[in-house]
Amino acid sequence: MAENPDNPIDEEIERSTGMTRDEAILAQQDRIQKEVEDTNPLVSERLPLVVLKEEYQADPVYSKKIEDMYASFPYIRKTRGDGNCFFRAFGFAYMEKLLTDKAELHRFKETIEKSKDTLIALGFPSFTLMDFYDTFMEVVNQIEEKPSLSELLATFCDQGMSDYLVVYLRLLTSAELQKEADFYQNFFEGNRTVKEFCSQEVEPMYKESDHIHIIALTSSLGVGVRVVYLDRGENQRANHHDFPEGMPPQIVLLYRPGHYDILYGE
Amino acid sequence: MFSNTAMQKRLQKELMQFQQEPPKGMTIDTESVSNTLTTWIVHIEGAEGSLYHGEKFQLQFRFSNRYPFDSPEVMFVGSEIPVHPHIYSNGHICLSILTDDWSPALSVQSVCLSILSMLSSCTEKKHPPDNSFYVRTCNKSPKKTKWWYHDDSV
């Protein structure tokens with residue numbers, strides 16, 4: 001049903017904005033989203049890590065931790081905070097690796113080719129699925145034929161193309177969770193099923209990723225990812241964790257509560 | 001530009017698929033489909049053995065140029081609106097895949113099937129408890145409502 005209709009402040013909202021409460025909330029969300037879009041590209045250029053410290057000038061805990069990261073990770077590439085940032089950061093960082101690693105590219109291409117049949121076998125409707133698969137493969141083939149960083153960046157910054165790639169990564173994540181449902185079911189409290197989790201938290205766009213998304217996607221593709229955590233924790237330095245457990249990391253992501261960016265060593 | 005043509009390409013494909021293999025009890029009103037494909041009307045019949053057997057309804061779909069990343073706007077239109085605990089008498093439908101749980105891998109067809117299944121599993125024809133307040137105060141578009149999905153059992 002429609003949310004909480006008897007709130008006494010509704011009239012106040014309507015008087016000041018000329019909109020009903022729901023409309024006012026959605027309009028404000030749209031405004032915030034628009035502002036985020038205007039100031040942040042989907043994937044940024046590679047930037048010196050000092051840009052990150054500038055965001056936390058008045059914050060000694062973060063400043064200190066960021067300074068300590070300079071030596072290991074001098075560069076960062078930011079992604080837009082739209083709820084798809086993990087998938088976009090992962091997708092870009094990994095495909096950037098593929099530009100210079102022919103053997104890995106070959107392995108990845110085979111993995112993706114096989115994934116389509118797995119998805120269809122799991123009951124994803126093939127005719128919507130194929131759209132996303134085809135576009136994803138187009139980009140993989142493009143990397144093979146013409147490994148250009150600027151073109152890869154342009155692809156990831158084009159909203160339409162970029163979102164197609166995000167959708168396919170979301171579907172791969174969902175497929176892995178469903179395929180290994182017996183294992184992943186242990187992560188859920190209460191009686192939420194893996195299938196419900198996938199249709200509520202994995203397949204829809206703009207839903208943020210948690211550890212479980214990362215474990216599933218990295219396991220499904222066999223791609224190691226190191227996540228460096230920058231938070232307000234007691235520890236002096238930023239912690240990190242590798243996904244899937246024990247696999248050497250091929251790319252490094254930076255996690256700040258609610259957001260993922262890409263980090264670079266030398 | 002990309003999203004616009006991608007949206008039309010995708011809808012074209014969905015339209016063909018729907019016309020070639022329409023799900024049981026559903027037809028697309030081809031005259032309703034606008035040139036730009038942004039509005040469709042689907043005729044839907046209550047399934048046999050359900051409380052709505054023999055009733056005919058019209059579902060209106062509207063697509064933005066961000067489709068399929070943004071969900072379609074879907075509501076019942078015309079003179080017959082199903083009396084159902086999750087369907088308001090102005091045609092608005094409370095169904096999570098139409099907003100929060102929409103995924104680009106869903107389609108017009110899967111939405112129609114979910115709505116038909118929602119009708120078929122209904123055990124008592126009644127309006128939602130907040131129907132009269134909602135219908136009086138809501139926006140014309142159901143996408144402008146913040147829905148609260150409280151019950152999947154009906």
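Basis for what follows: all heavy atoms, side chains included, without hydrogens, waters or symmetry-related copies. Owing to the predicted nature of the structure, the values given are computational and were not obtained by experimental measurement. So that the names make sense, note that chain A is the first sequence line, chain B the second, and so on, each numbered from 1.
Look at A:Lys207 and B:Asp100 and you find no salt bridge, because none of the NZ, NE, NH1 or NH2 atoms lies under 4.0 Å from a carboxylate O.
Of the atoms belonging to B:Gln109, not a single heavy atom falls under 4.5 Å from chain A. Residue contact with chain B, scored on non-hydrogen atoms closer than 4.5 Å, is absent for A:Leu129. With a threshold of 4.5 angstrom between heavy atoms, A:Phe127 approaches chain B through its backbone and through its side chain.
Atom NZ of B:Lys126 has 12 or fewer heavy atoms from other residues, nucleotides or ligands within 6.0 Å. Around atom CD of A:Glu110, more than 12 heavy atoms belonging to other residues, nucleotides or ligands sit under 6.0 Å away. Shown here is A:Arg256, whose CZ atom has more than 12 heavy atoms of other residues, nucleotides or ligands within 6.0 Å. Dense packing is recorded around CD of A:Glu151, with more than 12 heavy atoms of other residues, nucleotides or ligands lying under 6.0 Å away. Other residues, nucleotides and ligands place no more than 12 heavy atoms under 6.0 Å from the CG atom of B:Asn35. Heavy atoms from other residues, nucleotides or ligands lying under 6.0 Å from NZ of A:Lys97 number 12 at most.
Of all heavy-atom pairs spanning B:Leu106 and A:Thr128, the tightest one is O-CG2, 3.8 Å. When all heavy atoms are compared, the tightest approach of B:Ala105 to A:Pro125 is O-CG, 3.5 Å. Between A:Met205 and B:Pro104 the shortest heavy-atom distance is CG-CG, 3.7 Å. Nearest heavy atom pair, residue A:Phe132 against residue B:Pro68, reads CZ-CG, 4.3 Å.
Checked against B:Phe69 for a side-chain contact (heavy atoms from CB on, under 4.5 Å), the options A:Asp163, A:Val166, A:Asn84 give a single hit: A:Asp163.
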